[in-house]
S.K.: 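Let me begin by handing over the structure; questions about it come next.
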Amino acid sequence: MNYWLMKSEEHEYSIDQLKEDGHTHWDGVRNYQARNFMRDDMKIGDRVLYYHSNSKPTGVVGLATVCREGYPDFTAWDPKDKHFDPKTQKDAPTWIMVDIAFDQKFDACVELAALKANAKLEEMKVVQRGQRLSVQPVEKKHFNEVCRMAGAKP
DNA sequence: GCCAACGTTGGC
DNA sequence: GCCAACGTTGGC
């Protein structure tokens, strides 16, 4: 099983929205590295740290689980969609998404500042400068540590 | 709003 | 293939 961190802007799609919907398709990723993770490495049952970026506060707000493996991101073909990609061929999808299901919302956000202050997490990608990937792999020990900080069961 | 970091584009 | 220009991300 693999562990991941996925970023969403709170006002775009929040953990509360995911809780209400139960599950969602993770559309709109237009970065090849992130695409490759979703296409090649994400498997059903993988665990996800749900991260709010550009929010107050920013940090990990809960957990989700991968419930459908990589398939074409159909929003790339929709001219009305914010993430429309005119270069994507209809029969050869460039962009891939997965579905994730709500697992739990933390009682309190584990803030980025707290992640940075925890020496056990210094090798975690999200705390490193310039790390902008919206889908990134996480080590099991880091995943467990974030859960511990949240007072949540992994 | 600012700006550093990084990815992508396109001229050559 | 190089690299400057530009666009985006995302913390602060």
Side-chain angles (χ1 to χ4, degrees), chain A residues 2-21 24-42 46-64 66 70-100 102-139 141-152:
Chain A
N2 291 314
Y3 298 85
W4 306 94
L5 180 143
M6 294 170 92
K7 294 180 186 172
S8 178
E9 300 203 16
E10 186 171 16
H11 68 270
E12 295 276 340
Y13 196 86
S14 68
I15 186 89
D16 291 324
Q17 188 67 50
L18 179 62
K19 182 177 185 180
E20 194 175 314
D21 295 345
T24 192
H25 50 261
W26 203 257
D27 65 286
V29 172
R30 298 292 179 266
N31 171 284
Y32 287 102
Q33 241 186 306
R35 187 277 313 267
N36 292 348
F37 286 135
M38 292 197 290
R39 184 188 61 190
D40 303 333
D41 300 322
M42 278 193 167
D46 281 3
R47 313 293 306 283
V48 176
L49 295 173
Y50 199 100
Y51 182 94
H52 281 171
S53 62
N54 268 320
S55 62
K56 286 189 177 175
T58 129
V60 179
V61 289
L63 303 178
V66 176
Y71 62 107
D73 180 347
F74 52 80
T75 65
W77 291 315
D78 180 359
K80 293 189 297 294
D81 193 274
K82 184 180 171 190
H83 302 288
F84 174 59
D85 177 10
K87 292 197 299 296
T88 295
Q89 306 290 315
K90 190 71 190 165
D91 52 354
T94 305
W95 304 113
I96 297 295
M97 61 185 173
V98 298
D99 287 1
I100 62 170
F102 177 79
D103 180 342
Q104 59 177 286
K105 181 183 176 182
F106 292 159
D107 293 335
C109 173
V110 180
E111 298 185 27
L112 180 60
L115 298 175
K116 284 182 173 172
N118 185 334
K120 290 182 185 155
L121 300 178
E122 65 185 1
E123 286 174 25
M124 204 175 167
K125 284 190 171 41
V126 74
V127 304
Q128 290 165 10
R129 83 195 248 116
Q131 181 50 259
R132 302 181 311 170
L133 266 188
S134 60
V135 176
Q136 47 185 253
V138 169
E139 289 182 38
K141 62 182 179 185
H142 294 156
F143 181 92
N144 287 335
E145 177 65 10
V146 173
C147 290
R148 194 195 59 74
M149 292 169 79

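Convention: sequence-line order gives letters A, B, ...; per-chain numbering from 1. Quantities reported herein were computed from a predicted structural model and do not represent experimental measurements.
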S.K.: Looking at residues at least two apart in the chain, or sitting in another chain, which of them share a salt bridge (charged side-chain N to carboxylate O under 4.0 Å, His left out) with A:Arg30?
M.R.: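 With neighbours one apart ignored, the set is A:Asp73.
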S.K.: Check the distance between C:dG10's P and A:Glu12's CD and give it to me in whole angstrom.
M.R.: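 To the nearest whole Å, that distance equals 11 Å.
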S.K.: Taking side chain to side chain donor-acceptor pair (under 3.5 Å) as the cut-off, I'd like each qualifying pair that reaches into residues 116-127 of chain A, sequence neighbours left out, listed once.
M.R.: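 Side chain to side chain donor-acceptor pair (under 3.5 Å) check on residues 116-127 of chain A returns A:Asn118-A:Glu145.
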S.K.: Counting primed atoms plus P, OP1 and OP2 as sugar-phosphate and everything else as base, spell out the protein contacts along nucleotides 2-9 of chain C at 4.0 Å heavy-atom distance: B, S or - for each nucleotide, 5' to 3'.
M.R.: ------BB
S.K.: Can you list everything that forms a salt bridge (charged side-chain N to carboxylate O under 4.0 Å, His left out) with A:Arg47? Sequence neighbours excluded, please.
M.R.: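 For A:Arg47, the residues satisfying salt bridge (charged side-chain N to carboxylate O under 4.0 Å, His left out) (neighbours in sequence not counted) are A:Asp103.
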S.K.: Applying ring-ring contact (aromatic ring centres under 6.0 Å, His included), name anything that partners A:Tyr71, two or more places apart in sequence or on another chain.
M.R.: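 Expected list: none.
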S.K.: With nearest nucleotides of DNA chain B determined for A:Gly130 and A:Lys87 from heavy-atom distances, which residue corresponds to the more 5′ nucleotide?
M.R.: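 On the 5' side of the pair lies A:Gly130.
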S.K.: Could you check whether A:Lys116 gets within reach of a base, just the sugar-phosphate, or nothing at all, counting any heavy atom under 4.0 Å?
M.R.: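 Since only primed, P, OP1 and OP2 atoms lie under 4.0 Å of A:Lys116, the category is sugar-phosphate.
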S.K.: Report yes if the distance between the aromatic ring centroids of A:Tyr50 and A:Trp4 is under 6.0 Å, otherwise no.
M.R.: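 No, they do not, as the ring centres are separated by 6.0 Å or more.
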S.K.: Suppose we screen for side chain to side chain contact (heavy atoms under 4.5 Å, CB included). Which residues come up paired with A:Asn144, at least two apart in sequence or across chains?
M.R.: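 A:Asn144 satisfies side chain to side chain contact (heavy atoms under 4.5 Å, CB included) with A:Lys140, A:Pro154 only.
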S.K.: If I take atom CG in residue A:Asn31 and atom P in nucleotide C:dG10, what distance separates them, rounded to the nearest angstrom?
M.R.: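 Taking CG of A:Asn31 and P of C:dG10, I get 9 Å after rounding.
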